[in-house]
Colleague: 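This is the structure, below, for whatever I ask next.
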Amino acid sequence: MEQLDWSSLGFGYHKTDYNVRCYYRDGKWGELEVSSEETITMHMGATCLHYGQEAFEGLKAFKGKDGKVRIFRIDENAKRMIRSAEGVVMQPVPQKLFEEACIKAVKLNERFIPPYESGASLYIRPLLLGLGAQVGVKPAPEYLFIVFVTPVGPYFKEGFKPTPMAIMRGYDRAAPLGTGTIKVGGNYAAGMIPTVLAHDKGYSACLFLDAKEKKYIDECGPANFFGIKNNTYITPESTSILPSITNKSLMQLAKDMGMNVERRHVPESELAEFEEAGACGTAAVISPILRIDDLDENKTYQISKDGKPGKRCEELYNRLRAIQYGDVEDPYGWVTIVE
């Protein structure tokens, strides 16, 4: 194994020893298979290649100072992948099979789990693909479920530091009542152009507005948005936002901190009122927002006044990570200890 510098890992792919696979054929799921291959063989007519019959998840495993390995909210990721599969008419992976495959992939690659306090973690990527030759738009006859893992650092290279984000009204991530609420690749493809443009202009992400009215905050492409004001944690409600498991967890922690929590439409104009704001998700955890530039309206919403993360963002971040690493009690049963 190459000697990895855990503290300088970015959010990218590193080869590990094994992945776990399972096929759905003849109306049933088979047994879990272990593979050391990094490639997949499939028919050129597979529905995942032509009609977007594909879904994926992202979750993490953490090594605590007690040496135990914990996977965060694996049950919620299993349930979300079931919803995603149903959303594009694929055969859902049963929750038990999903959890078994993830745990097996982590155990098989235990030497790649970054050490405690390295700032890195083991990212788990479950993937569901429609297989079988089809040239008409219809569901696949077979499916492949695969789980691979890779050690990663922060999603945003700046880590837990405020970064600028941009609003670009000429692009939509997902339409209302479309696939925005499920985790499928097409949503990310739709947001690729503005994301690349935002990066080229020095922004960490593109903050999307709702596709229908261009009036309300949607999400940050790879992450949910939240804002804080008047001791209230506020996050957008929409029929085109992927429900983030991290965001769901932060809402509970905000309540624990004595904050009010609101999930509602958030007009763009309200950005001027937030004392703190951030993007949250499995990959980023929390990425505090420095400012938001509306490039079409030539407006700037300054969020962080001193260039540092806000007090409540920092507390939420630290509380969540403490549970993930086992530093504090997990009162909600969010972590699964890998035995």
Side-chain angles (χ1 to χ4, degrees), residues 24 42 45-59 73 76-95 98 124-132 134-147 155 167-198 205-226 235-248 263 265-266 279-284:
Y24 179 86
M42 68 176 73
T47 61
C48 64
L49 301 176
H50 297 264
Y51 306 120
Q53 271 207 304
E54 174 272 354
F56 67 100
E57 271 301 324
L59 59 161
R73 304 204 77 171
E76 288 291 332
N77 287 95
K79 292 170 187 173
R80 190 168 67 180
M81 183 170 247
I82 289 171
R83 293 195 300 271
S84 295
E86 291 170 346
V88 286
V89 201
M90 293 196 291
Q91 183 63 37
V93 178
Q95 182 174 334
F98 179 100
I124 306 166
R125 171 52 62 86
L127 176 66
L128 180 61
L129 302 170
L131 304 182
Q134 300 274 33
V135 291
V137 183
K138 54 186 175 181
E142 299 181 359
Y143 296 92
L144 169 61
F145 175 55
I146 184 166
V147 179
Y155 185 82
I167 292 172
M168 288 184 274
R169 295 164 181 272
Y171 303 92
D172 294 324
R173 173 191 158 270
L177 308 180
T179 60
T181 58
I182 59 177
K183 199 168 178 67
V184 294
N187 296 333
Y188 297 83
M192 195 78 76
I193 290 176
T195 297
V196 170
L197 288 174
C206 177
L207 182 60
F208 292 92
L209 299 181
D210 74 286
K212 187 176 181 181
E213 298 182 76
K214 293 293 183 184
K215 180 179 176 183
Y216 301 101
I217 300 298
D218 236 19
E219 65 169 78
C220 306
N224 276 190
F225 171 87
F226 69 88
T235 194
E237 183 173 49
S238 164
T239 54
S240 57
I241 291 177
L242 178 72
S244 161
I245 294 163
T246 302
N247 197 4
K248 184 176 182 179
R263 190 167 206 159
H265 289 312
V266 180
C280 62
T282 296

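Values below: every heavy atom of this structure, side chains too, minus hydrogens, waters and symmetry copies.
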Colleague: Any side-chain heavy atom of T195 within less than 4.5 Å of one from R173?
Modeller: no
Colleague: Locate the shortest heavy-atom distance separating R83 from I182; write the atom from each residue and the value.
Modeller: O-CG2, 3.8 Å
Colleague: Measure the CD-NZ distance between E57 and K79 for me, rounded to the nearest 0.5 Å.
Modeller: 12.5 Å
Colleague: Hey, what do you get for CD1 (I124) to CG (N77), rounding to the nearest 0.5 Å?
Modeller: 8.5 Å
Colleague: Spell out, as yes or no, whether a donor-acceptor pair under 3.5 Å connects the side chain of E54 to the backbone of G185.
Modeller: yes
Colleague: Closest approach of T181 and P243, non-hydrogen atoms and distance?
Modeller: O-CD, 3.3 Å
Colleague: Show your working on side chain to side chain donor-acceptor pair (under 3.5 Å) between D218 and S240 and close with a plain yes or no.
Modeller: CA-CA 7 Å; D218 236 19; S240 57; 2.8 Å; yes
Colleague: I need the minimum non-hydrogen distance between L59 and T282, along with the two atoms involved.
Modeller: CA-CG2, 3.7 Å
Colleague: Provide the closest heavy-atom pair for Q134 versus Y51 in the form atom of the first, atom of the second, distance.
Modeller: O-CE1, 4.3 Å
Colleague: Ignoring hydrogens and angles, tell me if any N or O in the side chain of Q53 forms a donor-acceptor pair with the backbone of V88 under 3.5 Å.
Modeller: yes
Colleague: Ignoring hydrogens and geometry, is there a side-chain-to-backbone donor-acceptor pair from H265 to P236 under 3.5 Å?
Modeller: no
Colleague: Specify the closest pair of heavy atoms between F225 and C220, including all atoms of both residues, with the distance to one decimal.
Modeller: CB-SG, 4.1 Å
Colleague: Could you go step by step and tell me if M42 and L129 meet the side-chain contact (heavy atoms from CB on, under 4.5 Å) rule?
Modeller: CA-CA 10 Å; M42 68 176 73; L129 302 170; 3.9 Å; yes
Colleague: Any salt bridge (Lys or Arg N to Asp or Glu O under 4.0 Å) pairs touching residues 183-195, not counting sequence neighbours?
Modeller: none
Colleague: Output the distance between atom CG (L209) and atom CD1 (I167), rounded to the nearest 0.5 Å.
Modeller: 5.0 Å
Colleague: Which heavy-atom pair separates A85 from L128 by the least distance, and what is that distance?
Modeller: CB-CD2, 3.8 Å
Colleague: Would you mind listing every salt bridge (Lys or Arg N to Asp or Glu O under 4.0 Å) that reaches into residues 205-216, with sequence neighbours excluded?
Modeller: D172-K214
Colleague: Nearest 0.5 angstrom please: M90 CE to T47 OG1, how far?
Modeller: 8.0 Å
Colleague: Nearest 0.5 angstrom please: F226 CZ to C280 SG, how far?
Modeller: 6.0 Å
Colleague: Could you give the distance from CD (E219) to CG (L207), rounded to the nearest 0.5 Å?
Modeller: 9.5 Å
Colleague: Please tell me if the side chains of S238 and Y216 come closer than 4.5 Å, counting only heavy atoms from C-beta onward.
Modeller: no
Colleague: Can you sort out the partners of R169 under salt bridge (charged side-chain N to carboxylate O under 4.0 Å, His left out), two or more places apart, ordered by chain and number?
Modeller: E268, D294, E297
Colleague: After noting the C-alpha distance and the side-chain angles of K248 and N224, does the key distance pass the side-chain contact (heavy atoms from CB on, under 4.5 Å) rule?
Modeller: CA-CA 10 Å; K248 184 176 182 179; N224 276 190; over 6 Å; no
